[in-house]
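Written below as structure tokens is the structure these notes are about.
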Amino acid sequence: MPPIATGTDASGPITVHIKDSVQISVEEPVQEPIQEAFVDGDVAISPNVPDQIPALLRRVALHGEAYLTEKDEEERTTVLDAARALVYALETPREAMIRHTWCQSSLYAALETAVDLGVFPALSKDDSPKTAAELAAATGADPTMLARILKHLNANGVITETGPDEYRRTGFTISMCSPRYSDAYPCMTGCITAGVLSLPAALKKTNYANPHNSTSCGFQLGFQTPLHFFDFLKENPVHAVQFNNHMTAYHQGRPSWMDIGFYPVLSLVADTGINERDALLVDMGGSMGHDLSEFRRKWPQVPGRLVLQDLPDVVQQARGMGLDARIEVMVHDFFEVQVVRGARAYYMHSVLHDWPDSDCLRILRNIVPAMKRGYSKILINENVIPSTNAYWETTSLDIIMMADFASTERTETQWRALIEAAGLRVVKVWTVRRGVESLIECELA
Ligand SMILES: C[S@@+](CC[C@H](N)C(=O)[O-])C[C@H]1O[C@@H](n2cnc3c(N)ncnc32)[C@H](O)[C@@H]1O
């Protein structure tokens, strides 16, 4: 069939045909493969985004100075973001490729080995430098092997070298003495990373469709299991404990919705006549109860019951955490109708992002019958992906969600559509800072 029009657009030449006399089809322009010769040899060994470098250098210097004088957390994160952007602009494509392909997996392996051996507690015992031989003696490792691991950890800023095969602890090594932080490494290996690494194959298999089936996605491919992630955890209690520990740590040190200036916490009790017998907050899928513990610590005088709900094994672990006696712990499957009726707020933190829309709808609709109109709220503490400049922690989590849960981090439009489909309405999306989970306040529509 002869073309009716030809021309060019930004992607190259296009050809338009009349098909069946009414439909117009646009032939994809044939993409010329980039020939090896086309890649200027200098590109791969020159800074990646040279025109950004001057402004980023100035930004680091300016905010670095402000951070040094004010010790302000916002200045710290501004410098950190600028410094990271500066590295990406300054490093050459070759360097970036080596960092991605050699460094990320090998550093992970070195870190997990060090965690497993107990290198970090041995190094953190006191502030004095320790030799590789001393650390090997303390951990029972082969000194030659450990010396190699330690060199790689130093090369990546994890520990500080003080001389040949001699190292001093850092804030990072001290933090790794707590399973709350160190469990992240075996946890990711035990129940997350193989799914992420299988994502390319899983996507290829489904012709690059956005995943929706959480029992047939990267997770099942990577871990060679038919089980859903949370059923896999039931079968693997060691990883389940590590996962729950990781949950208590990953959002530490960032603004929390219950901090002053984020969400008006006292509006939950003002003019409600709420008393100690009434349910104030029901934390669904609340894991170790860390959010309710934080609430009790930050708002000790606020009346009302705090109820922690999760699956049986998780609840059992939570009971051993020495929670405040005023936190009630209860087994509840959120795919069943909510049993605590008429609470002031049903709260979910990093729960709905684990599930595709169809499951989220079931979870939300199971709360609705328990809600008291004009009084009960649902508080959803989750990432709201911005239309530009999404934060790397959030996008990392989004890819993990895609790979292991066939679920997603959501944009505001996606959240609103989901919440409204469950017969609810969004009162307000409370947000303080880039990269920090928002609080989506909802009530019955
Ligand atoms: C990603 S974690 C979030 C934990 C906690 N809310 C936080 O933000 O740290 C998801 C939680 O949902 C719980 N969960 C999964 N399926 C559940 C179900 N059917 N009913 C109740 N809780 C469930 C898990 O055990 C886990 O504690």
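These values consider heavy atoms only, across backbone and side chains, with no hydrogens, waters or symmetry-generated copies. Numbering of ligands and ligand atoms starts at 1, following listing order.
- Checked by atom type, the side-chain pair T173/Y167 shows no donor-acceptor distance below 3.5 Å.
- Aromatic rings from H228 and W355 are positioned such that their centres are separated by under 6.0 Å.
- Atoms of ligand 1 lying under 4.0 Å from any heavy atom of H332, numbered from 1 in the order shown and given with element: 20 (N), 21 (C).
- Within ligand 1, counting atoms from 1 as listed, the ones closer than 4.0 Å to a heavy atom of V314 are 25 (O).
- Numbered from 1 in the order shown, with element, the atoms of ligand 1 that lie under 4.0 Å from a heavy atom of F335 read 19 (N).
- For atom 5 (C) of ligand 1, the candidate residues are S350, G285, P312; the nearest heavy-atom contact is made by G285.
- Put simply, part of H290 is less than 4.0 Å from ligand 1, judged by heavy atoms.
- When each atom of ligand 1 is checked for a heavy atom of W355 under 4.0 Å away, the hits are 16 (N).
- No side-chain donor from either of T162 and R168 sits under 3.5 Å from a side-chain acceptor of the other.
- No side-chain N or O of N48 forms a donor-acceptor pair with one of Y88 less than 3.5 Å apart.
- Contact atoms of ligand 1 toward D333: 18 (C), 19 (N), 20 (N) (distance under 4.0 Å to a heavy atom of the residue).
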If you apply the rule ring pair (Phe, Tyr, Trp, His ring centres under 6.0 Å), what do you find for Y346 with F334, and how did you get there? CA-CA 11 Å; Y346 299 92; F334 48 52; over 10 Å; no
